[in-house]
Every structure is written in C-alpha cells, then in structure tokens.
Amino acid sequence: MSNQIFVIVEHLKGNIEDITFEMLGKGKEIAGNTGGELVAVLLGSGADGLASQLGAADKVIYVDDANLAEFNPQAYCKAVSSVIGQYQPKMVLVGNTSMGMDIAGGASVDHNMPYIAYASNISADGSTITSSLYGGKINVDSTPEGDGCIVSVIAGSFPADAGKADGSPAVENASVDLGDLQVQFKQLIEPEGGDVDITAQEILVSVGRGIQSDENLPMAEELAAKLGGAVSCSRPIVDSKWLAKTRQVGKSGLKVKPKLYLALGISGAPEHIEGMKDADLIIAVNTDPKAPIFDYAHYGVVQDLFDFIPALSSKL
Amino acid sequence: MNIIVPIKQVPDLVEELEINAAGTDLDREWLKMKLNEFDDHALEEALLLKDEQGAHVTAIALDGDDIDKALFAAAAKGADRLVKVTGVQAGSTHEAARAMANVLGGMEYDLVMTGVQSVDDRDGQMAVLLAHYLGIPHISVVTGVQAAGGSITVHKEYGGGMVAEFEASLPVALGIQAARETPRYVPVAKVRRASRDANIEEIAAGDVSVSAGSAVAKMYKPETGAGAEMIEGSAEEQAAKVLEILKQKGIK
Ligand SMILES: Cc1cc2nc3c(=O)[nH]c(=O)nc-3n(C[C@H](O)[C@H](O)[C@H](O)COP(=O)(O)OP(=O)(O)OC[C@H]3O[C@@H](n4cnc5c(N)ncnc54)[C@H](O)[C@@H]3O)c2cc1C
Ligand SMILES: Nc1ncnc2c1ncn2[C@@H]1O[C@H](COP(=O)(O)O)[C@@H](O)[C@H]1O
C-alpha cells in the first residue's frame, strides 16, 4: 500500500471537467494532512498536454493508448483498474459522473477494494466519507475497512478553484494491457439546439414531477412569461416527453445560473442540484417541508404549487 | 435474444424516512416501497426490443418485501419469465450483485439491463459490479438500445445533453437511465390476472460472501431548511411576499 491519493482525470473533447479540479482540491487537503502524495491519473491518446493544467497534483500518471482516445466504459475501466493494481493507492477519487460510474465498480471488484459512492463530503484526513443518499434526504457516514478505497464524488461537492494550478507536475508514463475490447466508441452526438437556450435566461420557472401532467404546463408558461423568463424542468419531465431535453436542468441536462430560479415541485435530488445551485436567487415551492431543495434555496415556500402559481401570476 | 432485467423495490421518498435507534439504517418497519423508477425504464427498453425483433425477457429480483407484486407487474407488461433469488438478505450492492451473478451464471443471457442506480446504494451501482462478477463488459447511463445481428448500439448520456454512441458485442450489461419510450402503463386488473397465471421460479442465491468493504458509522438527516428562509402564510400571502422579494432584488 502506497500513501498515494489518486484522482482520475475526466476529460471530454480536450477539456478537463470541473469535477477533476474539485477532487484535486480535496485530494490535496487529504494528502497534506496525511503526508500523502496527490497523483492525477490521466488516460488518453496524445492527451499528455492536459497535464499542464494539473499543477495541483504532485505527479501525473499518464496512460497513452489508441483505445483511450475517447471515453470507452470497458477500456477506461480496465485501464484504471490496472493502474490501481500497479500502484496500490491509499485512496482513489473518481467523479460520480456518467464516466465515473463506469469506472469505479470494476476496480472495486478486481482488487476487492471498498467502494463508497455518492460522496458529498470527505473528512480532512480521508477517514470518513459522507454519502448523500435517498435523493439527498439522508446522509450516511462510512468508514472504509482495511487499506485503500475508491470514492465516487458528486459533482459540485467541493470548490473547483482549490484544485486549479498551472504548470505541469512530473509526468510518469504507465502502460496497461487492454486486451480484447467488446465495446467500441462510435461517435459523440451533440445536443440539438432547442427553441430556448435556458442557460442564457435570467429568469427560470422550473417545474418538477409535482406538476403532475403536461396539461398543467401552461400555468407555468404563463408565470414565466409574466416574469419575463422561460420554463425549465427536472429530468422526469423530459423522460415523460412533456418538455424537450434542452429544457432539462442538472447533471445530465444543462447547468444554469440565472438571476432567479423558481423551483416548483422539484425535490432537490443531488443530480438536479448540480445544475442550479449557483443561481443568484433560488426560491423553492414544495408541499414537503423536508424536501432537500430547501437546503439550497434562499427562500422556501411550503405550499401546493397549484395554489401558489395562480396566486403569484395574478399579482404580476 | 435473452434479456435479463433485475428489478428492485426502493423506499418511496414521498413518505417521511425515519432512522433506527442505533442511527445506522432506516427504520424499515413502516417503509412504503415502490419499484425503482429506472427499472421501469429498463423493463420498457427490454420490451421494446422484444416488440421490435423478438426476445425472451426475464425479470429477476432478490427476495424481499413486496417483490412478488413487482414481478407480477413485470409479467403483466410482457416479461416471459419471473425469477426470485432466495436465501439472501443483501446488505450491500456488492452482495446483491454477487447473488445475482451466481444465479445468472446458470442462465442464458445476451443482455442484462439493470436500472442505472437507486436511491440507497452506498457502495456503488449494480450494473458494473454485476458485470465484473460475470466477467462481461458494461455500459452505464444508457438512454437507448438498438439491436442488430448479435451486436447492439447504445447511447450513453454525458452532461449537457451530450450523448456518446457505442457498439458492443453480446453479452453485455447495461445500466439503463431512460428507455426510448415512456414506460408503458399496466392496469391493476392485469397485474392481478398475472398473479394468478404467471409463475415465480425460486432459485437459491448460493455463496455471497463478499463485502462492501465499509461500515456505516452514522446515518442522519441533513439539516433541512438550513439554507432557506421560510415564507409562511397562505398561498396568497406567500405569493405577495415572493413578489416583494423579487421587487427588492430588482427582478420585477
Ligand atoms: C445519471 C443520472 C443523471 C440524472 N440527471 C438529472 C438531471 O440532469 N436533472 C434532474 O432534474 N434529474 C436528474 N436525475 C434524476 C434525479 O435523480 C431525480 O430523480 C430527479 O431530479 C427528480 O425530479 P423531481 O424533483 O422533479 O421529482 P421528485 O423527486 O419526484 O420530486 C417531486 C417533488 O414535488 C413535490 N410536490 C408534489 N406535488 C406537489 C404540489 N402539488 N405542489 C408542490 N410540490 C409538490 C414533492 O413533494 C416532491 O418533493 C438523474 C439521475 C441519474 C441517475
Ligand atoms: N436486490 C436487487 N434485486 C434485483 N435487482 C437489483 C437489486 N439491487 C439492485 N438491482 C438492480 O440494479 C439496479 C441499480 O440498483 P443499485 O445497484 O442498488 O443502485 C436496480 O435498479 C436493479 O435493476
């Protein structure tokens, strides 16, 4: 067992995702408190140039392989597992993201390593990990057993700035044997442009499952129009095909930072919070006084949205 | 094509969750359970593939509260075979995945489609753990599957609405986030009929001696409303106060 803290670098189209810097910042704190070494693990093909943005790390381990040019669940999972096997880190931080979810479990099984998911906090010495479960309604503190553990971190849990530093640390090349791959990357499909760009709106009236039916959407549209904004939504509204994907706020939707985010009937699951927590003013309306959205809102209204929306609309 | 859809009951978050006296788990006595919503999507995607090109769909679940009803509902929607895995009280996703892998080891499968995640898995999501116990590849956060001639093409969702397309040979395990279509609805009468006509096969879990590798030190509710200033009163009064705030902030 080494004293290394690994951060698995997440990058897409040549950009390092913010979750990486969040984890580097946290990793630096843990490494500093435990006399450990902070190592950024970078996978790609001809991607070593990205190391110049990983200055917060003490070292970069770089794996170059043509099959790692684009994210590939099987190839990345194998590569990360192999590097963990070679270096035996004390802790591995990976994003609780679409990519990270395809990485962490493999290494856990391959190396019999504890895996703690949905981390929203990690103690300064790395010994206690807090997971945000049940849609953000319950926190669980876990202590990993034995040496070494893998932690997947919810995006937005730590400040990204703490992990940003220019200048490349020493880069060490590692090689892995990816063997035969049954999964092949084909293409990236860009999101279609929608009728409204919700990321450019200053006012968003955002509806969640509490709206109950697409027949109730006009009520929200009217309120948005009166406020001079647009309607956005949580994921179930898009999965029900009531609104276009381009209206979705959150982890797999868009990140928004409007002057006003009015959340109507949205519970505040971590995947939604990721997309809107930085709005200037968040006002949440929900019938459930314990809804996690109230942890992130500036103002909370415990009320039936079917009573609240007409009441506010009629005053505008 | 043989498609296996593992399904799972999870606590309904509409109800208040209580924590046990030891502060290490939910108080499970009064929990209201419902099917993990992503399982509805996984089953829908399996049934779409069946409709399009023929497939044999098995719904499988670890034994537990209310699970028979969930399996019968799957049959009412179109699942061909129902399996209940017995003799295990999985305390972690690792154990659940190990049990599932033991049973799938004795079955034929081309596609295993789980829900992408659930609200209570502290030690990771099943699709990837199960895939590794089975020694097959995996793709998580899948929003659409097309099958043709022994291979499949899937869409995996990233942030910002970006989607990556992958091709995979079979067998493969998929963590389904959303089906191509809204999951079909099945009336209660049809589920009741299925509970009379359909048969649930029971298969023993076998040896599941794996560990999550971590212990729950403490379970607690985050401080609700810590951030928000609560606005009291009737809907009218609350709306008036909200308008006042919007005016103060120069928004209206
Ligand atoms: C990989 C992945 C990515 C995801 N990405 C996203 C994402 O980008 N965006 C996203 O939003 N979700 C995302 N999710 C889903 C997320 O986990 C939640 O399921 C989702 O955010 C819940 O949406 P909701 O709050 O509208 O619904 P629910 O959680 O069902 O909440 C509905 C709320 O409405 C309230 N309510 C009900 N009736 C009324 C009423 N009459 N008046 C007022 N309030 C009422 C209820 O109290 C409840 O709090 C993702 C999930 C996964 C697994
Ligand atoms: N006990 C279980 N029985 C059947 N399927 C399960 C079980 N646990 C997890 N799964 C499957 O894995 C998915 C994700 O669950 P989890 O890994 O608990 O997040 C579920 O939606 C199911 O498809």
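Sequence lines set the chain letters: A, B, ... in the order given, protein chains first and strands last, and positions in each chain run from 1. This is a predicted model, so every value here is computed, not measured.
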Which bit of B:V128 is near chain A, if near means a heavy-atom gap under 4.5 Å: side chain, backbone, both or neither? side chain

So, the part of A:S252 with a heavy atom under 4.5 Å from chain B: the answer is both

Quick one: do A:K290 and B:E16 make a salt bridge, cutoff under 4.0 Å? yes

Can you say whether A:N96 sits under 4.5 Å from chain B via the side chain, the backbone, both, or neither, judging by heavy atoms? side chain

Go through the atoms of A:D304 and report whether side chain, backbone, both or neither lie under 4.5 Å from a heavy atom of chain B. neither

If I measure from the heavy atoms of chain A, does B:S118 come under 4.5 Å with its side chain, its backbone, both, or neither? backbone

Tell me, side chain or backbone of A:K226 under 4.5 Å from chain B's heavy atoms, or both, or neither? backbone

So which residue, A:C77, A:P114, A:G136, A:S108, ends up with the most heavy-atom pairs under 4.5 Å with chain B? A:P114

Pick one of side chain, backbone, both or neither for B:E37, based on which atoms fall under 4.5 Å of a heavy atom in chain A. side chain

Portion of B:I152 that has a non-hydrogen atom of chain A nearer than 4.5 angstrom: neither

Quick check on A:I293 against chain B: is it the side chain, the backbone, both or neither that has a heavy atom closer than 4.5 Å? neither

Engaged part of B:A212 at the chain A interface, taking heavy atoms whose separation is under 4.5 Å: backbone

Side chains of A:D102 and B:S140 only: does a donor on one sit below 3.5 Å from an acceptor on the other? yes

Let's test your reading of the structure: which of A:G250, A:S267, A:P191, A:G275 forms the most heavy-atom pairs below 4.5 Å with chain B? A:P191

Okay, A:A104 and chain B: the region with an atom under 4.5 Å from a heavy atom over there is neither

Below 4.5 Å from any heavy atom of chain B, which atoms of A:I309 appear? Answer side chain, backbone, both or neither. neither

Look at A:I138, A:I129, A:L312 and state which one has the largest set of heavy-atom pairs under 4.5 Å with chain B. A:I138

Counting heavy-atom pairs under 4.5 angstrom with chain B, the leader among A:V140, A:T97, A:I150, A:N139 is A:N139

Distance under 6.0 Å and angle within 45° of ring axis: B:K218 vs B:Y220: yes

Against chain B, label A:E10 side chain, backbone, both or neither, depending on which of its atoms sit under 4.5 Å from a heavy atom there. neither

For a salt bridge (charged side-chain N to carboxylate O under 4.0 Å, His left out) with B:K8, tell me which candidate from B:D120, B:D40, B:D66 qualifies. B:D120

Considering only heavy atoms, which portion of B:I245 lies under 4.5 Å from any heavy atom of chain A: side chain, backbone, both, or neither? side chain

Quick one: what part of B:S234 sits under 4.5 Å from any heavy atom of chain A, side chain, backbone, both or neither? backbone

Salt-bridge criterion met for B:D12 and B:K32 (N-O under 4.0 Å): yes

Under a 4.0 Å N-O cut-off, is there an ion pair linking A:D295 with A:K277? no

Chain B contact via A:L281 - which portion, at a heavy-atom distance below 4.5 Å: side chain

Sort B:V210 into side chain, backbone, both or neither according to what part of it lies under 4.5 angstrom from a heavy atom of chain A. neither

Portion of A:I203 that has a non-hydrogen atom of chain B nearer than 4.5 angstrom: side chain

Electrostatic pair B:E157:A:R235 at N-O distance under 4.0 angstrom: yes

Could you tell me whether A:N112 atom CG has more than 12 heavy atoms of other residues or ligands within 6.0 Å of it? no

Would you call A:K241-B:E181 a salt bridge at under 4.0 Å N-O? no

Turns out that what part of A:L188 lies under 4.5 Å from chain B's heavy atoms comes down to both

With under 30° as parallel and over 60° as perpendicular, where do the rings of B:H132 and B:H138 fit, or are they tilted in between? tilted

I'd like to know which of A:E274, A:K255, A:K245 tops the heavy-atom pair count under 4.5 Å against chain B. A:K245

Classify the angle between the aromatic ring planes of B:F166 and A:F185 as parallel (below 30°), tilted (30 to 60°) or perpendicular (above 60°). perpendicular

Taking side chain as everything from C-beta outward and backbone as N, CA, C, O, which of these in B:A240 sits under 4.5 Å from a heavy atom of chain A? Side chain, backbone, both or neither. both

For the interface with chain B, which of A:F308, A:Y134, A:Y115 has the highest count of heavy-atom pairs at distances below 4.5 Å? A:Y134

Does any backbone or side-chain atom of B:I136 lie under 4.5 Å from a heavy atom of chain A? Answer side chain, backbone, both or neither. neither

Using non-hydrogen atoms only, which part of B:L130 is less than 4.5 Å away from chain A: side chain, backbone, both, or neither? neither

A:Q74 side-chain N/O to A:Q182 backbone N/O, donor-acceptor pair under 3.5 Å: yes

Atom CG of A:L12 and atom OH of B:Y158: how far apart are they, to the nearest 0.5 Å? 6.5 Å

Non-hydrogen atoms of chain B under 4.5 Å away: do they reach the side chain of A:Y118, the backbone, both or neither? side chain

Please determine whether a side-chain nitrogen of the Lys or Arg among A:K13 and A:E190 lies less than 4.0 Å from a carboxylate oxygen of the Asp or Glu. yes

